[in-house]
Amino acid sequence: MTDYATILVERSGAVTLVTLNRPQALNALNSDVLADLSAAFGAYDKDDSQRCLVLTGAGEKAFAAGADIKQMADMPAADFFLQDFFVGWQTGVVATRKPWIAAVNGFALGGGCELAMMADFIIAADSAKFGQPEIKLGVAPGMGGSQRLTRAIGKAKAMEMCLTGRMMDAGEAERSGLVARVVPLDSLVEEALKTAATIASMPPMAAMVNKEMINMAFETTLAQGIVTERRLFQILVNTEDKAEGMAAFIEKRPGVWKGR
Ligand code: CO8
C-alpha cells in the first residue's frame, strides 16, 4: 500500500478508509493534501476489490478547517488564474465514479465544507460544524461551495451562511438536508464504515449507476434527466449482476456479484 505524507489510507474488506492527517493545522487542505487525495481516490476508483470509501479527519476537532490559508496568503493573484487554482479538486476527487462518504468529525469550514459536499453524502458527528467563512478573509468559496451548498440547503440559508460566515451545527445541517445522518462522535467512523460496508455489498455497477443518476439531477432538466435515467437503467438490465440479483431473489439466497 502506498504511503502518503498528509493522509492515512486503510483497507478493510471492500472498504477504504482515508483520514486527512494534519491535525496540528486542523487538517487544512494544501497542495500536498490535494495530490495525496487525488492519488488515493484514483487508486480506489481503479481497484476492483474496493467498493466504497469513507473520508474523515484525524483528531476530534476538525474534518478540515478549510483550504490552507497560510499557503495562499502570499500567492500572487495571477497565479490563481494561471494555475486554474482549485481545479484539481474537480478532476482528482469529484471525478471519482465509485461511491464515497464524508464522515465529518468536527469543523468543516470553507474548503473543508466544500470537500465534504463533494462526497456522495455526509454522515456527521453531533459535534460537527459547517460553514463557508471565506467572506471574512475577503474572498468567497472556490471549490464549489456556492453551488453545492445552495443546491443542498437552498438559497436563503446558503446566502445567509456565505454572507455572514456563520456556522451551522450538525442538527441544523441534518434538518436542512446538508447531511444524511447525525451520530455520536465516538461512533462516527464505525457508523460510516458500516454504511460503507452495506454499499460495498451491493452490485458495484449498479452502485456506480445509481450515483451517476442522482448526480445527473443537479446537471440537467427533469425531462433530460429522466431520459438519462431510463438509458442507464437499460444498460444495467444487460449486466450479469442483474441476472444474478433476480435469480438470487427468486431462489431466496444472497446474490454473488461479478461487477459486470
Ligand atoms: N489554514 C491554515 N491553517 C489553519 C486553518 C486554515 N484554514 N485553520 C486552522 N489552522 C491552523 C491555525 O493557524 C492553528 O495553527 P498554529 O497553531 O500554528 O497557529 C491551528 O490550525 C489550530 O487552529 P486555532 O488555534 O485557530 O484553533 P481554534 O480552536 O482557536 O479555532 C477555528 C478553530 C475556528 C476552526 C479556527 O482555526 C479558524 O477560524 N480557522 C479558519 C477557518 C476558515 O476561515 N476556513 C476557511 C478557509 S478559506 C478557504 O477554505 C478557501 C479560500 C482561501 C483564500 C485565501 C486567501 C488568498
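In each ligand, atom 1 is the first atom listed, and ligand 1 is the first ligand listed.
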* Structure fact -> Within 4.0 Å of some non-hydrogen atom of D68, the atoms of ligand 1 are 1 (N), 2 (C)

* Checking salt bridge (charged side-chain N to carboxylate O under 4.0 Å, His left out) for the pair R253/E244: CA distance, chi angles, key distance, verdict? -> CA-CA 10 Å; R253 59 171 176 83; E244 166 66 5; 2.8 Å; yes

Can you tell me if [X] uses its side chain to pair, donor with acceptor, with the backbone of [Y] under 3.5 Å?
X	Y	result
S12	V15	no
T150	A158	no
K211	K98	yes

Given that the side chain starts at C-beta and the backbone is N, CA, C, O, which of these parts of [X] lies under 4.0 Å from ligand 1, counting heavy atoms, or is it both or neither?
X	result
I69	both
L137	side chain
P133	side chain
A28	side chain

Indicate whether [atom] is within a distance of less than 4.0 angstrom of some protein heavy atom.
atom	value
atom 10 (N) of ligand 1	yes
atom 1 (N) of ligand 1	yes
atom 17 (O) of ligand 1	no
atom 25 (O) of ligand 1	no

* Validation row: L20, L37 side chains within 4.5 angstrom (heavy atoms) -> yes

* Asked: If we only count heavy atoms from C-beta on, is the L149 to M168 side-chain gap below 4.5 Å?
  -> no

* Asked: Strictly by modelled atom types, are T195 and R181 linked by a side-chain donor-acceptor pair under 3.5 Å?
  -> yes

Quick one: nearest non-hydrogen protein atom to [atom], plus distance?
atom	result
atom 34 (C) of ligand 1	F107 CZ, 4.2 Å
atom 54 (C) of ligand 1	V139 CG2, 3.6 Å
atom 28 (P) of ligand 1	K61 NZ, 3.7 Å
atom 57 (C) of ligand 1	M72 O, 3.7 Å
atom 22 (C) of ligand 1	L26 CG, 3.8 Å
atom 39 (O) of ligand 1	L109 CD1, 4.8 Å

Nearest candidate to [atom], where distance is taken over non-hydrogen atoms, out of [options]:
atom	options	result
atom 6 (C) of ligand 1	A25, A67, P141	A67
atom 19 (O) of ligand 1	Q24, K70, Q132	K70
atom 41 (C) of ligand 1	A65, A140, A62	A65

* To do: Taking the six-membered ring for Trp and the full ring for Phe, Tyr or His, determine whether the centres of Y44 and W100 are under 6.0 Å apart.
  => no

* Within 6.0 Å of CG in D79, more than 12 heavy atoms from elsewhere -> yes

* Test salt bridge (charged side-chain N to carboxylate O under 4.0 Å, His left out) on K194 and E191 and set out the steps. => CA-CA 5 Å; K194 219 189 284 174; E191 284 295 327; 3.4 Å; yes

* Check whether any N or O atom of M167, backbone or side chain, sits under 3.5 Å from an N or O atom of ligand 1, and answer yes or no. => no

* Asked: Checking side chain to side chain donor-acceptor pair (under 3.5 Å) against R22, which of T6, D68, N27, D32 comes through?
  -> D68

